[in-house]
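All remarks here apply to the structure that follows.
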Amino acid sequence: MAVELDILNVSIILVIFVLTYIGIIHHSIDKTIAAVIGAMAASIAIIYMKIQIEDPDTGKFISATEENLIHFEDLSIIGLIFGTLILVEVSQEAGVFHYLSVNILKATKGDPKKLLRYFGALTMVLSALVNNISAMMIVGSLTLIACERLELDPKPYIITELSMTTVGGIITLISSVPNIIVAQIFGLNFTSFLLIGAPFSIIAMILNFMIFEYIFRNDIPVPSDPKINEAKVNEFDPWGAVTDKGLFYKSIIMLSLTILGFVFSAQLGLSLAVIAIAGGLLMVLISGEKLDKIMSRLDWGLIAFFLGLFVLIQALAIVDILDYIAEKLVAILPNDSLSSAIILLWFVSIISGVVDNIVVAAAFGPILYEVSKSAGLSPDLLAWAMIFGANFGGGLTPIGAPSAVVGLALLYRKTGEKIGWGEFIKTQGLATFVRLIFASAYLWFLSVFIF
């Protein structure tokens, strides 16, 4: 049965959504404020238009209320992000990431090429374990200091690290917000990311190093006296940010246990949100800090942004826009899962380069899930096409992913150097294009041997 749309209801909600989207991508407007105002406007419109929805218990049609604008699945995503933020905050305060980063720096012995490779790999690993924004903040800040000490141009290193955040974003379920959103919608677990995302990330990492070492072959010098560079990096103290060694070791243990909890969540019978919140609260307990003090340092704007975004997406669902788009996609897409997945991979990637990849995942995730059910396509293959596309597409332009905004801001504040769209696309865009070609081949491999 074809989806019938109420033109008035659809028009009002679409106008609200488009205006909110413009506010989110416009640099002069705070994206959290834009999302929350958009959510409020959509909520008021849904309630006062008395839009009818089907009651799942009685099968009768009733007027939509505020309760219909937020789902338990959305709150589960918020809980997972909240718990992860606490874990990262306490671990960072304990000096865990500083200690790791400085020891990696020392392992390079000040060699410029090793610095590119080691810090690139470190960015990828931290993106997988915490999130790509925190990874860029931690490694990017130390990179700028190290480059200043070694008299190196930091641009090749920052650009490489930015690319590595998108690569690290596919390793674990908590590596990026699009992963969390898509996994919740399609029912993917933590282990599937380790088995499917991690192997491809290693391929993507090797490709990245080949591409960026070639692009910056004239910008990464060979040191005239390696001993001098080694002496300079040895001046860095890995314990410099560690004020309490007891908390340092406890944080490592708690972080490791939480990650193990994610891996074995299915066997434990617990959701990722419960594990993340439990891990976060236990981390607060062992830190000895007051909960309200730690809570004051969390990025509440990020959480408010997601809540606003989820309400907006649910408003689109209530007026049947998502079902309508899904119906049209079913008619357009090929009948086989692989062709559809590859088309969606490139489509989602391009869109994610223009729009924040979080918005793309939240908006298109439910649509693609409905498409997989309606057209009889492989939901797992479509989910991975979405994950690859959203993460890799986020590195296509300077505004595609939050980590790119953070990294470029760090570089500008430290050196005053701006990287424009043209230069960004020539470097990151090339790497993204190559990764998407290999991702297309990887989807073929998954369709033949896995799904």
Side-chain angles (χ1 to χ4, degrees), residues 113 116-125 127-128 132 135-136 139 155-171 175-176 178-179 193 196-220 338-355 357 360-361 381 384-401 403-404 407-408 419-450:
K113 185 170 282 189
L116 184 85
R117 292 175 179 174
Y118 289 18
F119 268 26
L122 175 63
T123 306
M124 186 180 81
V125 171
S127 293
N132 47 23
M136 197 64 238
V139 184
K155 184 165 68 174
Y157 300 92
I158 293 295
I159 288 178
T160 302
E161 288 158 14
L162 285 176
S163 188
M164 286 301 186
T165 62
T166 62
V167 173
I170 63 173
I171 297 178
S175 298
S176 69
N179 292 4
F193 276 82
I196 295 173
F200 186 74
S201 70
I202 296 172
I203 298 171
M205 178 186 71
I206 295 169
L207 290 171
N208 260 17
F209 286 140
M210 292 171 63
I211 292 168
F212 290 113
E213 285 180 22
Y214 176 77
I215 291 174
F216 297 117
R217 61 192 181 280
N218 298 322
D219 300 305
I220 303 173
L338 177 59
S339 299
S340 296
I342 291 175
I343 290 170
L344 290 169
L345 166 72
W346 287 82
F347 173 74
V348 169
S349 180
I350 292 168
I351 295 297
S352 295
V354 181
V355 186
N357 58 4
V360 173
L381 205 60
W384 280 103
M386 182 83 185
I387 289 164
F388 290 144
N391 280 287
F392 291 157
L396 194 59
T397 68
I399 61 170
S403 58
L408 296 179
I419 296 177
W421 277 62
E423 185 177 5
F424 191 94
I425 291 173
K426 270 193 248 180
T427 53
Q428 296 279 15
L430 173 62
T432 300
F433 180 75
V434 173
R435 283 197 298 265
L436 288 173
I437 290 174
F438 276 85
S440 300
Y442 194 63
L443 287 173
W444 169 84
F445 171 81
L446 293 176
S447 70
V448 173
F449 298 102
I450 307 296

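Within 6.0 Å of CZ on Phe438 lie no more than 12 heavy atoms contributed by other residues, nucleotides or ligands.
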Exercise for review: Begin with the C-alpha distance, continue with both residues' side-chain angles, and end with the deciding distance and a verdict on side-chain contact (heavy atoms from CB on, under 4.5 Å) for Ile196 and Ile387.
Suggested key: CA-CA 11 Å; Ile196 295 173; Ile387 289 164; over 6 Å; no
Check your understanding: Given Val348 and Phe388, is the side-chain contact (heavy atoms from CB on, under 4.5 Å) satisfied, shown in steps?
Key -> CA-CA 9 Å; Val348 169; Phe388 290 144; over 6 Å; no
Practice item. Under the side-chain contact (heavy atoms from CB on, under 4.5 Å) rule, what do Leu345 and Ser440 come out as? Steps first, then yes or no, please. Key: CA-CA 8 Å; Leu345 166 72; Ser440 300; 3.4 Å; yes
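The closest donor-acceptor contact from the side chain of Gln428 to the backbone of Ile159 lies under 3.5 Å. Checking side-chain atoms of Asn179 against main-chain N and O of Gly169 turns up a donor-acceptor pair under 3.5 Å. A donor-acceptor pair is defined here as one N or O able to donate and one able to accept, closer than 3.5 Å; such a pair exists between the side chain of Ser447 and the backbone of Trp444.
Rounding to the nearest 0.5 Å places OG1 of Thr160 at 13.5 Å from CE of Met124. To the nearest 0.5 Å, atoms CG (Leu344) and OG (Ser339) are separated by 10.5 Å. Note that the CD atom of Glu161 and the CG atom of Asn208 stand 11.5 Å from one another [nearest 0.5 Å]. The CZ atom of Phe424 sits 7.5 Å away from the OG1 atom of Thr432 when rounded to the nearest 0.5 Å. Distance CD1/Ile211 to CZ/Phe216: 11.5 Å, rounded to 0.5 Å. Interatomic distance, CZ of Arg435 versus CD1 of Ile437, reported as 12.0 Å (0.5 Å rounding).
When side chains are defined from C-beta on, Ile158 counts as touching Met136, because their heavy atoms get closer than 4.5 Å. Taking the side chain as every heavy atom from C-beta outward, Val448 and Leu338 never approach each other to under 4.5 Å. In this structure the side chain of Leu430 reaches within 4.5 angstrom of the side chain of Ile215, judged on heavy atoms.
Aromatic ring pairs are classed by plane angle as parallel below 30°, tilted from 30° to 60° and perpendicular above 60°; the pair Phe445 and Tyr442 is parallel.
The aromatic ring centroids of Phe433 and Trp346 lie less than 6.0 Å from each other. You'll find the ring centres of Phe193 and Trp384 inside the 6.0 Å limit.
Between Tyr157 and Ile220, the shortest heavy-atom distance links the atoms OH-CG2, 3.8 Å. Heavy atoms only, all atoms of each residue included: Ser201 and Ile171 are closest at OG-CG1, 3.3 Å. Counting all heavy atoms, side chain and backbone alike, Val167 lies closest to Phe392 at CA-CE2, 4.3 Å. Annotation for Gly407 and Leu162: closest pair CA-CD2, 3.8 Å, computed over non-hydrogen atoms. Among all heavy-atom pairs drawn from Asp219 and Pro156, the shortest one is CB-CG, 3.9 Å. Nearest heavy-atom pair, Ala121 versus Phe209, reported as atom, atom and distance to 0.1 Å: N-CZ, 3.9 Å.
The only option from Ser349, Ser175, Ser176 that meets the side chain to side chain donor-acceptor pair (under 3.5 Å) definition with Asn391 turns out to be Ser176.
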